[in-house]
Amino acid sequence: MTHVDVEEMKRIVDGLYVHAAEEAFSTAGMDALRFLLDKVARIHQLLSTEVVSHSLAIFIKVEDSGSVDPISFDAEFLEIEHLCQDYDKLTDGMIELLRNGSVKYRRGIQSDLKKLSQHSIVYLYRDRNDIFVINGSEYHAPKPIPGYPSVFAVPAFAELRKALEDYKRRVARACRCPILASCWHGSSPSKRLFFSNKPEAILRRSLEYFLSIVLPGADVRPEQVVDESHPVDIRVNWIFTNRLALVELKWLGKSKNEQNKITTEYTQSRAQEGAKQLADYLDANRPRAPLTETRGYLVIIDARRRGLREAAEAISHDDGFWYQSQEIEFDPDYAAVRNDFERPIRMFVEPVCNAS
Amino acid sequence: MRVNSKAYFDSLSITSRLVSTAATSTSDVHLFAYLACLLSLYSGRTPQDWGYSFAATSKGYPFAHDIADSLQSLLISGCLHSDTNGITISSKGEEEYQLNGSLGRNGEREIFLAGACSAILAMPLGMIRWAISEEPELKRARVISDMLLLQPPGVLRIYDHLQALSKAVGEESSDLMVPAVAWLSFLAKKRTEETRE
């Protein structure tokens, strides 16, 4: 059972901007916050907030009649959508939300946000962080997945394929996940040359966590790997449906133990083995679940580096990225000959290379 | 089909409130109805006061037969539409919601439904589902499948959580979005820590 630590819960509450908004401004503050949150999510949907390189402040007065330091705005728009169409790459600016749905915009942050927050609720997007300024204090909203620019920009996928493609680009490529970051040999921050010994469980947990957050309509859970003939790592069940996805995860590259010795090396033949295991498992599973629509997904975490010797502590860019674009050709190509086998997804994890 | 009037109203309210969410599935309606029910316990009500009961599926997700029946009835009557993207409320459904909302007995439920659905403004839907499965009853259901929720003695563990939550939030809080987001944040943190271990 989850232990209830009142002090821990209190620490969470004290750091919550939602609680701060109510404490500072009561019911009017909560109304303003709801309005602001709805628009912040909309702005993240409409804009490429990943490219916001400086700070973007979005605020709403708690009371329409409240006094505000005069801010000179550059433009006013009837709807937030019009602002986003005109400024598709907003950088360093301020947006005031008005209750009638219109917005004001100015380039650059002119105002003292802490002072502004005495009578407004301010959302500040700065360095890919979500910060609320309320009554002079800053509150950070934690990001569940660091690969996304904001907690308000986490998508909800309906399809597993799209979610896996997103994991590949946003999380695996640059290893933007605290769980995934712990699977490497050596001290942190790692250069991502060698996996730690037996990294399978960490890789699985990272993917399981990610899929749980971005596939809200699905039940994602790890599978007990019994033996090589039952290889599936993760099962994804769409809730209240007969759709089931079986995800098999393989890694390529080299792993090391604590004695700094290479323990395992997996080349592309490991991916071939994974494909065959998954195909065999799908065949074996069909009679057991005849009414379930099952698809198999093979995910390959590729950390191969060219010419990596046991004593290596660094790598050149050429050797480190040698396999980046080298797709694996599968024989047989199950994705082409079966209708329950998704095209394998290879996720190349970039190393940290020597400066050239 | 005879539908439970409270579940019927809750289904309308939740689908209307989640209208700006990218895709609302039937499982989301069960999820937010359950969260609203938990908020009613936080406010001192009993599970019986809620008007219908919940069970946990074999996967550990909340499910109410009365919600399922109401959704089916609303789909048949055209108040809800269903397609591959999920379910949406129609203009007829919105009218039905407004009509039912004006009935005094449903007014009080709106406080709990609004509190539960507001959580989606602050955290992604996937995070809410991730968090709620750490709630003591649902967590237990992941091991013991197909169990009734909010029954003694399990409900006592929920009251432990809610009491701690009340102490942390403070009794002056009147907007249920605050305890909803606070509790979900606590549960999400716990489950994420377990996953990382």
Side-chain angles (χ1 to χ4, degrees), chain A residues 1-19 21-23 26-27 29-30 33-34 36-38 40-42 45 141-142 144-145 148 151-158 178-179 182 205-206 208-209 211-219 221 237-241, chain B residues 20-23 25-28 30-31 57 59-61 63 68 84-86 118 121-130 133-136 139-140 142 157 160-161 163-165 167-170 172-175 177-183 185-192 194-197:
Chain A
M1 182 186 130
T2 305
H3 172 63
V4 197
D5 179 342
V6 179
E7 287 309 310
E8 186 182 4
M9 210 177 264
K10 183 137 181 47
R11 278 194 297 277
I12 289 174
V13 169
D14 289 344
L16 270 184
Y17 62 87
V18 181
H19 183 244
E22 193 188 35
E23 281 220 316
S26 194
T27 305
M30 293 303 288
L33 180 67
R34 282 190 172 90
L36 175 71
L37 289 174
D38 185 49
V40 164
R42 186 77 185 125
Q45 265 177 19
I145 300 173
Y148 290 108
V151 66
F152 304 106
V154 177
F157 292 109
I179 305 172
S182 67
R205 284 204 298 270
S206 169
E208 179 202 342
Y209 173 73
L211 294 177
S212 297
I213 304 304
V214 303
L215 287 171
D219 172 53
R221 59 183 61 207
N237 238 125
W238 277 263
I239 302 166
F240 304 156
T241 76
Chain B
S20 59
T21 308
S25 67
T26 54
S27 66
D28 299 334
H30 292 267
L31 173 75
T57 68
K59 306 285 183 192
Y61 290 102
F63 178 86
T84 52
N85 292 319
S118 292
L121 291 170
M123 50 208 313
L125 178 56
M127 199 73 201
I128 294 173
R129 194 174 281 287
W130 171 262
S133 60
E134 187 70 9
E135 173 272 295
K139 189 174 182 184
R140 203 160 63 94
R142 298 212 300 265
R157 283 188 281 266
D160 282 347
H161 271 231
Q163 204 171 22
L165 184 64
K167 281 182 188 163
V169 170
E172 70 278 10
S173 178
S174 58
D175 192 313
M177 181 181 180
V178 179
V181 174
W183 196 25
S185 300
F186 171 80
L187 294 171
K189 182 170 178 280
K190 285 284 169 200
R191 188 163 177 206
T192 305
E194 282 175 15
T195 303
R196 286 179 186 173
E197 280 165 8

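Order of the sequence lines sets the chain letters (A, B, ...), proteins ahead of strands, with each chain counted from 1. We use all heavy atoms of the structure for the numbers below, so side chains are in, but hydrogens, waters and symmetry mates are not.
Judged by distance alone, with hydrogens and angles left aside, the side-chain atoms of A:E22 form no donor-acceptor pair with the main-chain N or O of B:V178 at under 3.5 Å. Side-chain atoms of B:W130 never come within 3.5 Å of backbone atoms of A:Y209 as a donor-acceptor pair (strictly under, hydrogens ignored).
Of the two parts of A:A218, only the backbone, made up of N, CA, C and O, holds a non-hydrogen atom closer than 4.5 Å to a non-hydrogen atom of chain B. With a 4.5 Å cut-off on non-hydrogen atoms, A:R221 touches chain B through its side chain but not through its backbone. For a residue to count as touching a neighbouring chain, one of its non-hydrogen atoms must lie under 4.5 Å from one of that chain's; by this rule A:L16 touches chain B with the side chain only. Heavy-atom distances place both the backbone and the side chain of A:V151 under 4.5 Å from chain B. Contacts of A:D14 with chain B are absent, with no heavy-atom separation under 4.5 Å from either backbone or side chain. Of the two parts of A:Q45, neither the backbone nor the side chain holds a non-hydrogen atom closer than 4.5 Å to a non-hydrogen atom of chain B. Heavy atoms of B:L31 lying under 4.5 Å from chain A are absent altogether.
Contact detail for B:S27 and B:R129: the closest heavy-atom pair is OG-NH2, 3.0 Å.
Note on ring orientation: taking the six-membered ring where Trp is involved, the planes of B:F186 and B:H161 are perpendicular (angle over 60°, cut-offs 30° and 60°).
With sequence neighbours left out, the ring-ring contact (aromatic ring centres under 6.0 Å, His included) criterion links A:H19 to no other residue.
With 3.5 Å as the limit, one finds no donor-acceptor pair spanning the side chains of B:R191 and A:S212.
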